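Quick caveat: nothing in here was measured; it's all calculated off a predicted structure. The first residue in the sequence is number 1, and the count goes up from there.
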Amino acid sequence: MGLFGKEPDGKPAPAAPPTQRPAPQNAPAQPHAARATGSACVIGAKTTVKGEITGDEDVLVEGSVEGQVRISRDLRVAASGSVRANIEANSVIVSGELLGDCTAAVRVDIQATGRLTGNIRAPKIVIAEGAVFRGNSDMSPRQSETRPGIMAGPGDKDRKVVLS
């Protein structure tokens with residue numbers, strides 16, 4: 001390349017490929033990988049659902065839900081989301097408000113902006129600094145996860161049971 005962006009034979013240099021512009025400041029963030037791939041059910045910020053939600057895909061709540069949620073995948077409550085329901089899911093991540101009992105097969109994660117009022121039953125519970133939790137927690141494994149022939153319970157620690 002010659003001086004002033006011209007080639008030595010006098011022709012202008014080819015234009016540089018356009019660079020990617022950064023996303024606008026008001027563009028919604030991608031809080032979950034499933035949302036980026038389109039495999040999540042999104043309840044928008046201006047949407048209210050009353051009743052029962054069941055299914056086999058991730059659910060992201062940016063609006064409000066009242067009733068019951070039973071899904072075999074993950075439930076995310078965004079910072080703008082509000083859920084007043086009993087929850088059964090694979091895992092639950094709370095950044096907004098959740099009022100109700102919460103049962104998760106894998107984990108419950110209350111992030112710094114999250115507020116959960118109700119009882120939690122999950123093998124793993126994460127409560128971030130600044131999060132609010134009011135209720136009881138149970139981290140015991142599900143009955144189907146206990147070893148056969150062993151009873152687990154208060155006072156029955158590792159007592160063998162004969163199965164006939």
How far apart are the closest heavy atoms of [X] and [Y], and which atoms are they?
X: Ala78; Y: Leu60; value: CB-CD1, 4.2 Å
X: Cys41; Y: Glu57; value: CB-OE2, 3.5 Å
X: Pro123; Y: Ala104; value: CD-O, 3.5 Å
X: Arg73; Y: Ala89; value: O-CB, 3.5 Å

Exercise. Can you list the residues that meet the side-chain contact (heavy atoms from CB on, under 4.5 Å) rule with Asn136, with sequence neighbours excluded?
Worked result: Asn119
Seminar exercise, completed: Across all chains, not counting sequence neighbours, the side-chain contact (heavy atoms from CB on, under 4.5 Å) partners of Val126 are Arg107, Asp109
Exercise. Apart from Phe133 itself, what residues make up its hydrophobic cluster, given side-chain heavy atom links below 4.5 Å?
Worked result: Ile43, Val49, Ile53, Val59, Val61, Val65, Val69, Ile71, Leu75, Val77, Val83, Ile87, Val92, Val94, Leu98, Val108, Ile110, Leu116, Ile120, Ile125, Ile127, Met139
Exercise. Under the 4.5 Å side-chain heavy-atom rule for ILVMFWY, direct or indirect, which residues accompany Val106?
Worked result: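 So far as hydrophobic clustering goes, Val106 is joined with none.
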Exercise. How long is the span from the CD atom in Gln111 to the OG atom in Ser95, to the nearest 0.5 Å?
Worked result: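 The OG atom of Ser95 is 3.5 Å from CD of Gln111, to the nearest 0.5 Å.
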Exercise. Between atom CZ of Arg134 and atom CZ of Arg115, what is the distance when rounded to the nearest 0.5 Å?
Worked result: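 Rounded to the nearest 0.5 Å, the CZ-CZ separation comes out at 11.5 Å.
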Tell me every residue that passes salt bridge (charged side-chain N to carboxylate O under 4.0 Å, His left out) with [X], counting only those two or more places apart in sequence or in another chain.
X: Arg84; result: none
X: Asp138; result: Arg121
X: Glu66; result: none

Exercise. Do side-chain atoms of Thr47 reach the backbone of Gly63 as a donor and acceptor pair under 3.5 angstrom?
Worked result: no
Exercise. Does any N or O in the side chain of Asp58 come within less than 3.5 Å of the main-chain N or O of Asp74, such that one atom is a donor and the other an acceptor?
Worked result: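 Confirmed, Asp58 side chain pairs with Asp74 backbone.
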For this session: Scan residues 39-55 for pairs that pass salt bridge (charged side-chain N to carboxylate O under 4.0 Å, His left out), counting only residues two or more places apart or in two chains.
Result: Glu52-Arg70
Can you sort out the partners of [X] under side chain to side chain donor-acceptor pair (under 3.5 Å), two or more places apart, ordered by chain and number?
X: Thr48; value: Ser64
X: Ser72; value: Asp56
X: Glu97; value: none
X: Ser82; value: none

Exercise. Does a donor on one side chain sit under 3.5 Å from an acceptor on the other, for Glu62 and Ser80?
Worked result: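 The criterion, which ignores hydrogens and geometry beyond distance, is not satisfied for Ser80 and Glu62.
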